[in-house]
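One-based numbering along the sequence shown. Because the structure is predicted, anything quoted here is derived from the model rather than measured.
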Amino acid sequence: MSRSHIALVGKISGVCCFIFIVLCICFYKTIRSGFIEAQFNRANMYIQGDGNSQDFKKAREYLEQSAAAGSDNAQYMLGVMYEKGQGAPQDISKALEYYKQAAKKNHAKAEYALGTMYDHARGVPEDHAEAIKWYEKAAKQNNSSAEYALGYAYFKGIGIAKNIEKGMQYLQKSADNGNVKAIFYIGSLYYDGQSFPKNPKKAFPYFEKAAYKGNTDAQFYLGLMYANGIGVEQDYSKAIYWYEKSSKTHPTAAYNLAKMYKEGLGVEVNYNIAFELLKKAANGNNVQAQYGLANLYDLGDKIPQDSSKAAFWYEKAAKQGNIDAAYALGEMYLEGRGVGEDFTKGFQYLEQAAQNGNADAQLKIASIYFKGINVPIDHNKALEWYQKSAEQKNKVALYTLGNIYEQGLDVPKDISKAVKYYQEAAEGGDVDAQLKLASMYSTGTNVPVDYSKAIDFYQKAVNQSNVQAMLQLGQIYEQGKGTAQNYQKAFDIYSKGLSNHSPDLQYAVGLLYEKGLGVTKNIEQARTLFKQAAQQGLVSAQCAFAKIELNEHVKDPNVQVAMSYLQAAAKSEDPEAMFILGNLYLNGQHIKKDVKHAKDLLKLSCDKGFQNACQSLKLIH
């Protein structure tokens, strides 16, 4: 064989050897790749419980084999399992190591996970800039979670210069890639007006998209928008639908839904469902629900009253900073209602509420210091708390300050200040202040007489159905004090209070009917009203009823009842009743004649200034 032939054979052999080696390497890689994939798939089956019972420990074993062989997916999954403590005790350092291994191979999910570790200082010092670096790597691979994280970081300026435009680009990209968090967040930006003009209509489609993807926050906001007609036409039935969807895990949705069942908005009123939803919301730590539930138990509103349960929920709400709950709980400890009486604890809760601006708690503390209830009397501290409460337009505090300055209680007497506080309270609807000012202006007590002001303040109290104001204002018009006499106005004002069954008003209206003043004369109507007032023990009405019954031509007079009322009025030393009864004894009319008793009654009447009785005594002598 020639040298050329030998050389050719050698070359062919070398090429064949090279091809063989390449084929071996490819075969090895294929076998190895198949092994890696097989191990990873077996691990997944144990994670999912697909064809086997779920077993994280076995899954981890297969993943470790796959990861050791170089699988970035297995390395990432091991990072997840060690971070969560699945199949092995939680080990953040191991999780971090596996994430790093996968991230070095450009595994997007691992890059994002590594970013979160730096963002939230899990296994590494907090480093937002490092987190941004890993988020950007993952985002370049269209990882929607990383896009969302970057968008959020740009919006808040966390780890990177704040840039609203860039933030929105990343958020929108994440949303377009189906990331529910990003979709919801964009909706919330438009809804709340964060960095953009507030625009609920723009927020709505984002919330709706996120809601259909199961985001409970978005479902809650859709319920809120439909319930209140925010950005959409009000629709209670749709509000109910979305609240029900989110209420399973969203306490505020459960609370709002409870209110709708209680008020019958979009559904029939159902207190049982409302109560169960309220409990659910309260157990979910919704502070409004906790306070509302406490109130229901406290008042026994549609449920059995239970002070201990009320105190329990007030305390829950108070611990979350609800000042109304702290005030209510303070009152319960002071009274020993639902809890053991404990002034110290009660006062602490009152202080918590008062220092955080609860006007009723401020008023209560002021009263405690003013009266010295379990503390030394301290009018200076009382005055300080009354003023804090008054600054919040608390009517009782304003009225009390007026009284303090009017009387000069440990402060210099100051009528102008007193009137100012009374007026603020009166304008705020405090009836006591309205009556106080009306009385001051009508009598000239500490201020010049001013009937126009008196009438104005009495009228304010009348508008709140105050009987005393009706009597006083009616008398002003009936007697023409500081204004034109007007019986009809007097009649109208008195009549407003008849539904309150006030004997004084019944008597006043009866007199006008009897005399035909401001209304057509009607003895029967007067008789009815006098009797109603007499039955309530009003002496003047007892006398008036007896006079009609004994002296007027009335239908079916009841002399026995008339005499009993007349005797009752006389025992109460009513001079006119004694005069009438004395004459009846003198003449033996409707009663056995008794001249001595008659003289005694007439004398008593005369001594009280009833002139007709004095004249009768002279005629007898």
Side-chain angles (χ1 to χ4, degrees), residues 47-49 54 80 84-86 144-145 148 152 174-175 178-192 200 203-297 301-303 309 312-317 319-322 325:
I47 289 171
Q48 302 295 331
Q54 191 178 51
V80 172
K84 294 181 178 178
Q86 294 174 330
S144 66
S145 297
Y148 167 72
Y152 186 84
S174 178
N179 187 283
V180 180
K181 282 186 177 180
I183 297 166
F184 171 74
Y185 189 58
I186 294 171
S188 69
L189 290 172
Y190 283 120
Y191 186 87
D192 297 326
F204 179 79
Y206 286 100
F207 283 152
E208 190 172 46
K209 191 174 181 181
Y212 278 115
K213 283 179 173 285
N215 183 283
T216 54
D217 288 322
Q219 291 166 348
F220 163 73
Y221 274 101
L222 283 183
L224 191 67
M225 291 172 83
Y226 277 119
N228 298 289
I230 302 170
V232 290
E233 189 175 339
Q234 190 176 55
D235 189 326
Y236 288 133
S237 62
K238 286 182 179 177
I240 293 286
Y241 173 81
W242 287 113
Y243 276 149
E244 283 181 340
K245 286 275 187 188
S246 57
S247 65
K248 293 168 187 174
T249 55
H250 201 295
T252 307
Y255 172 70
N256 287 0
L257 191 57
K259 289 200 296 183
M260 294 187 81
Y261 272 103
K262 187 179 179 183
E263 296 167 21
L265 300 175
V267 288
E268 287 187 16
V269 171
N270 191 317
Y271 291 110
N272 290 332
I273 292 176
F275 179 64
E276 291 305 316
L277 284 165
L278 197 62
K279 281 201 297 184
K280 186 176 185 177
N283 283 312
N285 229 25
N286 179 281
V287 67
Q288 291 172 296
Q290 290 170 343
Y291 178 70
L293 190 59
N295 254 323
L296 292 182
Y297 280 121
D301 183 9
K302 305 291 188 300
I303 59 171
K309 284 183 179 177
F312 173 82
W313 287 111
Y314 278 140
E315 187 169 18
K316 289 275 189 186
K319 283 179 178 176
Q320 289 202 74
N322 186 291

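Ring orientation note: the planes of Tyr221 and Phe207 are close to parallel, at an angle under 30° on the 30°/60° scale. Between Tyr185 and Tyr152, the ring-plane angle classifies as tilted under the 30° and 60° cut-offs.
The main-chain N or O of Lys181 is found under 3.5 Å from a side-chain atom of Asn179 such that the two form a donor-acceptor pair. Panel note: side chain Gln219, backbone Ala211; a donor-acceptor pair is recorded below 3.5 Å. Of the possible donor and acceptor atoms, none in the side chain of Gln234 sits under 3.5 Å from a partner among the backbone N and O of Tyr226. At distances below 3.5 Å, at least one donor-acceptor pair connects side-chain atoms of Ser174 with backbone N or O atoms of Ser144.
Closest of all the heavy-atom pairs between Pro251 and Gly284 is CG-O, 3.3 Å. The two residues Gly223 and Ala239 come nearest to each other via the heavy atoms O-CB, 3.4 Å. For the residue pair Ala175 and Ile186, the shortest heavy atom distance occurs at CB-CD1, 4.0 Å.
The distance from atom NZ of Lys279 to atom CD1 of Ile303, rounded to the nearest 0.5 Å, is 9.0 Å. Taken to the nearest 0.5 Å, the OH atom of Tyr206 stands 5.5 Å off from the OH atom of Tyr190. Taking CG from Asn295 and OH from Tyr291, the interatomic distance works out to 4.5 Å, rounded to the nearest 0.5 Å. Leu257 contributes atom CG, which lies 11.0 Å from atom NZ of Lys259 (distance to the nearest 0.5 angstrom). One finds the CZ atom of Phe184 at 6.0 Å from the CG atom of Asn215 (value rounded to the nearest 0.5 Å). How far OH of Tyr255 is from CG of Leu293: 11.0 Å, rounded to the nearest 0.5 Å.
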message: Please evaluate residues Thr216 and Phe220 with respect to the criterion side chain to side chain contact (heavy atoms under 4.5 Å, CB included), reporting the C-alpha separation (whole Å), side-chain torsions for both, the decisive distance (0.1 Å), and the verdict.
response: CA-CA 6 Å; Thr216 54; Phe220 163 73; over 6 Å; no
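Residues Asp301 and Lys262 form a side-chain contact, since some pair of their non-hydrogen atoms from C-beta on lies under 4.5 Å apart. Side-chain contact between Ile230 and Tyr191 is present, with heavy atoms from C-beta onward closer than 4.5 Å.
The closest side-chain donor-acceptor pair between Asn256 and Tyr243 falls under 3.5 angstrom.
Under the side chain to side chain donor-acceptor pair (under 3.5 Å) rule, Gln290 has a single partner from Glu315, Lys316, Gln320, which is Gln320.
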